[in-house]
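Below: one structure, written as structure tokens.
Atoms within each ligand, like the ligands themselves, are counted from 1 in listed order.
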Amino acid sequence: MIIVIDGPAGSGKSSTARAIADRMGIEYLDSGALYRTATLIYLEANRDKETFFRLLNQNKITFYYEDQKFHVLVDGQSVTDKIRTSKVTSAVSEVAALPRVRSFVNNLMRDVVLDGVYIAEGRDLGTAVFPDAELKFFMSADLEERAKRRLNERKEKNPGLTLEEVKQNIAERDLKDSRRKADPLKKADDAIEIDTTNLTFEQQVDKICLEISEVLKEIE
Ligand code: CDP
């Protein structure tokens, strides 16, 4: 069974999905982390597409969720922290727009969810990757609010970061993610929209957990 949450940067998808996975004892899948991993490989290939695609096919990418963290390994080496650097964040939307990268990441995800119950989050999961998902959510929030949340998350590791910089970065990414030809960021027609601008974290988690419990009850 697969439950998906899509939405723009900073809408709260990842923290919410992790809290739900922990509370309900289900698996968590972070599609953005896989695009970030592809981006790291692209940067290590010095943006040379031929080298990049060769490495993407040669390297073995594995991942698992543990202790509130989505861990990614490339050929057995952890890249969990490396994929969160600003260098990767700045290049990720460009790499995620490449159709070959999208089908690569989609295949990785479709293979893994064959067994068990998963909550997955991303941009196009309800529309392109898992159109038959049992439950779909689309999380949104005002740009200002999303930027504040992202700054809070990042400020410990990056004390010089300003609200304006964060706002600009997520606005640019949203635009690229929504306008790209290949599987853009988009709400699925049958997704439940959750605007989190005025919700507390607990409220948004409760809301989604309630919907999931209803569906699980129907299935049992
Ligand atoms: O956590 P944050 O909102 O910063 O982004 P992320 O979920 O880590 O995703 C990073 C980037 O990957 C996004 O800006 C998209 O360009 C891309 N992405 C995508 O194209 N499709 C997805 N299903 C997930 C992420």
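Protein heavy atom closest to atom 6 (P) of ligand 1, with residue, atom name and distance, is Gly32 CA, 3.8 Å. The closest protein non-hydrogen atom to atom 1 (O) of ligand 1 is Arg150 NH2, 3.6 Å. The shortest contact between atom 18 (N) of ligand 1 and any protein heavy atom is with Tyr35 CD1, 3.6 Å. Protein heavy atom closest to atom 10 (C) of ligand 1, with residue, atom name and distance, is Arg173 NH1, 3.5 Å. The single protein non-hydrogen atom nearest to atom 8 (O) of ligand 1 is Arg36 NE, 2.7 Å, given as residue, atom name and distance. Taking atom 24 (C) of ligand 1 as the reference point, the nearest protein heavy-atom neighbour is Ser31 OG, 3.3 Å. Among all non-hydrogen protein atoms, the one lying nearest atom 16 (O) of ligand 1 is Asp177 OD1, 2.6 Å.
Those atoms of ligand 1 with a heavy atom of Asp124 less than 4.0 angstrom away are 21 (N), 22 (C), 23 (N). Annotation for ligand 1: atoms under 4.0 Å from non-hydrogen atoms of Ala9 are 3 (O). Under a 4.0 Å criterion applied to the non-hydrogen atoms of Gly122, ligand 1 contributes the atoms 23 (N), 24 (C).
When heavy-atom distances to ligand 1 are checked against a 4.0 Å cut-off, Arg123 comes that close through both its backbone and its side chain. Under 4.0 angstrom from ligand 1, the non-hydrogen atoms of Arg180 all belong to its side chain. At a heavy-atom distance under 4.0 Å, no atom of Lys176 approaches ligand 1.
Classification of Asp142 and Lys148 as a salt-bridged pair fails, no side-chain N sitting under 4.0 Å from a carboxylate O. For Glu50 and Arg54, the salt-bridge test fails: no basic side-chain N is under 4.0 Å from an acidic carboxylate O.
Considering Arg150, Glu156, Lys155 in turn, Lys155 is the only one that fulfils the side chain to side chain donor-acceptor pair (under 3.5 Å) rule with Asn152.
Relative to atom 17 (C) of ligand 1, the option among Pro8, Gly12, Gly10, Ala96 with the closest non-hydrogen atom is Ala96.
The aromatic rings of Tyr64 and His71 lie parallel to each other, with less than 30° between the two planes, well short of the 60° mark.
For a threshold of 3.5 Å applied to N or O pairs, the pair formed by Ser93 and ligand 1 contains at least one separation below that value. Looking at Arg102 next to ligand 1, an N or O pair under 3.5 Å apart turns up. Checking only distances, Asp30 never comes within under 3.5 Å of ligand 1, N or O to N or O.
Side-chain N or O atoms of Ser78 include none that pairs as donor or acceptor with a backbone N or O of Leu73 at under 3.5 Å.
The two residues Ala147 and Val166 make their nearest non-hydrogen contact at O-CG1, 3.6 Å. When every heavy atom of Asp195 is checked against every heavy atom of Ala141, the shortest pair comes out as OD1-CA, 3.8 Å. The shortest non-hydrogen separation linking Pro184 to Ser178 is CB-O, 3.3 Å.
In this structure, Arg100 CZ and Lys49 NZ are separated by 10.5 Å, a value rounded to the nearest 0.5 Å. Summarising the geometry, atom OG belonging to Ser11 is positioned 7.5 Å from atom CZ belonging to Arg149; distances are rounded to the nearest 0.5 Å.
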Before giving the answer on salt bridge (Lys or Arg N to Asp or Glu O under 4.0 Å), spell out for Arg84 and Asp81 the whole-Å C-alpha distance, their side-chain angles and the decisive distance to 0.1 Å. CA-CA 6 Å; Arg84 304 279 159 197; Asp81 292 326; over 6 Å; no
